[in-house]
Amino acid sequence: MLSEPRAGRLAAWGNALIAHMVSPDDAVVAIVGEDAVHRVEGLPGESAPVGLTLALGRLRALGATGLRVALPAPGHPLGLSGPPDFNARALEAEEAVICEGAALGLVPEVYEAGPEGDVHVEVVWHCLPVREAPPADVPSLGEAERELAEALRDATEVLTRLDVAGSGPVAEAAIEAYRARAEQGREVLAPGYPPRAVRVLELAQRVGALVTLASENGHGGAVSASEIAARGEALRPVERVARRAQVAAYNSVVAERGMR
């Protein structure tokens, strides 16, 4: 979870575009980021893949009033509402965007080419029908913020007790370095999002960084099978909470409109 999900960028800046808070060109530049190009395949009325500018305009014409994020994992269909075919594609990609009001969803497929250090990335968003129903397991911003604070405290306590690499000052420095790199030249969320959503997303990314560091930095002092299992048990719910919070942050503007 060290990287920002492409579905998050598409939903955030797509929502800003729908709300007339950014221009189409600015939205597309922010969505594409460091990738080479994004295209949308399967868009109703189009026989071939099209660029993001045309695709976002067409989705609005088809009735899309907002874009939601799904970040599913095995056993946790976070943000999805069906049908099974779409859920399966989204689960394979570990992310998707659902168009409110248009009964359509977008799942990214990433293509990479080139040598290390000069990788050319192209993304094709597959447009598929979705079921118009409440998304699975998405908390409110308030719930997400409380869950994150508790998860970060509990996980840090367990990982420190197990002497797991990635749970102390070195991890804190690594997380801060990651955040500094990630935030250079970009906004955390697009215009129009409430400050609380920005705060929740930042904390979710911080928690996700802790999970990734603890997962990738070896076993630390947790040399026994039971201690390694305990680390896994500590990390699983934390990773789940961080994903839930990311979805809550990205979806907050759509959720707020639905409550009015």
Side-chain angles (χ1 to χ4, degrees), residues 1 3-15 17-18 27-28 31-33 35 37-112 121-140 144 190 204 208 239-240 242-255 257-258:
M1 291 187 65
S3 61
E4 183 183 25
R6 290 181 172 89
R9 293 204 307 265
L10 176 57
W13 288 91
N15 283 327
L17 178 62
I18 290 170
V28 169
I31 293 166
V32 172
D35 298 334
V37 65
H38 284 215
R39 296 186 179 88
V40 179
E41 181 270 335
L43 195 66
E46 298 293 337
S47 58
V50 301
L52 273 179
T53 303
L54 190 156
L56 289 169
R58 178 64 55 80
L59 289 171
R60 290 169 67 184
L62 290 168
T65 58
L67 304 179
R68 292 192 287 104
V69 170
L71 297 177
H76 190 205
L78 176 61
L80 297 176
S81 56
D85 287 349
F86 181 81
N87 286 4
R89 292 285 290 266
L91 180 58
E92 183 177 359
E94 299 183 341
E95 58 180 314
V97 171
I98 290 87
C99 304
E100 287 277 318
L104 294 170
L106 302 165
V107 179
E109 187 170 3
V110 180
Y111 300 89
E112 297 183 352
V121 179
E122 295 189 8
V123 179
V124 175
W125 293 89
H126 297 279
C127 185
L128 302 161
V130 298
R131 182 181 299 139
E132 292 190 285
D137 198 34
V138 178
S140 68
E239 189 274 339
R240 183 184 181 112
R243 281 190 297 108
R244 276 167 48 86
Q246 280 193 306
V247 171
Y250 286 121
N251 295 359
S252 58
V253 292
V254 178
R257 283 200 298 267

**Student:** Who are the side chain to side chain contact (heavy atoms under 4.5 Å, CB included) partners of Pro77, not counting sequence neighbours?
**Tutor:**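 Result, side chain to side chain contact (heavy atoms under 4.5 Å, CB included) vs Pro77: Leu80, Ala136.
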**Student:** Cys99 and Ala64: which non-hydrogen atoms are nearest, and at how many Å?
**Tutor:**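 Nearest heavy atoms, Cys99 then Ala64: CB-CB, 4.2 Å.
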**Student:** Please give me the minimum heavy-atom distance between Gly82 and Asn87, naming the atom from each residue.
**Tutor:**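 Nearest pair, atom of Gly82 first, then Asn87: N-OD1, 3.2 Å.
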**Student:** Leu43 versus Leu59: any side-chain heavy-atom pair under 4.5 Å?
**Tutor:**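 Yes; the side chains approach each other to less than 4.5 Å.
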**Student:** Does anything in residues 96-108 form a side-chain hydrogen bond (donor to acceptor under 3.5 Å, both in side chains)? List the pairs, not counting sequence neighbours.
**Tutor:**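 Every side-chain hydrogen bond (donor to acceptor under 3.5 Å, both in side chains) pair that includes a residue of residues 96-108, provided the two are not neighbours, is Arg68-Glu100.
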**Student:** For Asn251, what residues pass the side-chain hydrogen bond (donor to acceptor under 3.5 Å, both in side chains) criterion, not counting sequence neighbours?
**Tutor:**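 So Asn251 forms no side-chain hydrogen bond (donor to acceptor under 3.5 Å, both in side chains) with any residue.
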**Student:** For residues Leu67 and Leu10, report the shortest heavy-atom separation together with the two atoms involved.
**Tutor:**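 Closest heavy-atom pair between Leu67 and Leu10: CD1-O, 3.7 Å.
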**Student:** Under the side chain to side chain contact (heavy atoms under 4.5 Å, CB included) rule, collect the residues that match up with Val37, sequence neighbours excluded.
**Tutor:**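 Scan of Val37 (side chain to side chain contact (heavy atoms under 4.5 Å, CB included), adjacent residues dropped) gives Arg39, Glu122.
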**Student:** Quick test of your reading: applying salt bridge (charged side-chain N to carboxylate O under 4.0 Å, His left out), list the pairs with at least one residue in residues 82-91, sequence neighbours left out, ordered by first then second residue.
**Tutor:**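 Listed once each, the pairs would be none.
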**Student:** So which heavy atom on Phe86 is nearest to which on Ala96, and how close?
**Tutor:**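 Result for this residue pair: CZ-CB, 3.9 Å.
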**Student:** Would you find a donor on one side and an acceptor on the other, under 3.5 Å apart, between the side chain of Glu95 and the backbone of Arg6?
**Tutor:**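 Yes.
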**Student:** Does Asn15 reach the main-chain N or O of Gly66 with its side chain, forming a donor-acceptor pair under 3.5 Å?
**Tutor:**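 It does not hold such a pair.
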**Student:** So which atom in Ala27 and which in Leu17 form the shortest heavy-atom distance, rounded to 0.1 Å?
**Tutor:**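 Taking every non-hydrogen atom into account, CB-CB, 4.3 Å.
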**Student:** Does the side chain of Pro5 reach to within under 4.5 Å of the side chain of Leu71, using non-hydrogen atoms?
**Tutor:**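 Yes, their side chains come closer than 4.5 Å.
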**Student:** Between Ile18 and Leu56, is any pair of side-chain heavy atoms under 4.5 Å apart?
**Tutor:**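 No, every pair of side-chain atoms sits at 4.5 Å or beyond.
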**Student:** Show every side-chain hydrogen bond (donor to acceptor under 3.5 Å, both in side chains) that has at least one partner inside residues 41-59, sequence neighbours left out.
**Tutor:**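 Qualifying pairs: Glu41-His126, Glu46-Arg58.
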**Student:** Please name all residues satisfying side chain to side chain contact (heavy atoms under 4.5 Å, CB included) with Leu91, sequence neighbours left out, ordered by chain then number.
**Tutor:**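 So Leu91 forms a side chain to side chain contact (heavy atoms under 4.5 Å, CB included) with Pro72, Pro74.
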**Student:** What heavy-atom pair brings Pro108 and Val123 nearest, and what distance separates the two atoms?
**Tutor:**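 Of all heavy-atom pairs spanning Pro108 and Val123, the closest is CB-CG1, 3.9 Å.
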**Student:** Please name the residue in the list Val32, Val69, Asp35 that meets the side-chain contact (heavy atoms from CB on, under 4.5 Å) test with Arg9.
**Tutor:**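 Result: among Val32, Val69, Asp35, Asp35 is the only option passing the side-chain contact (heavy atoms from CB on, under 4.5 Å) with Arg9.
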**Student:** Can you check whether Asp137 reaches Arg244 side chain to side chain, under 4.5 Å on heavy atoms?
**Tutor:**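 The answer is yes, as the side chains (C-beta and beyond) meet within the 4.5 Å cut-off.
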**Student:** State which residues pass side chain to side chain contact (heavy atoms under 4.5 Å, CB included) with Ala133; sequence neighbours excluded, sorted by chain then number.
**Tutor:**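 In terms of side chain to side chain contact (heavy atoms under 4.5 Å, CB included), with neighbours along the sequence ignored, Ala133 is linked to Ser81, Arg131.
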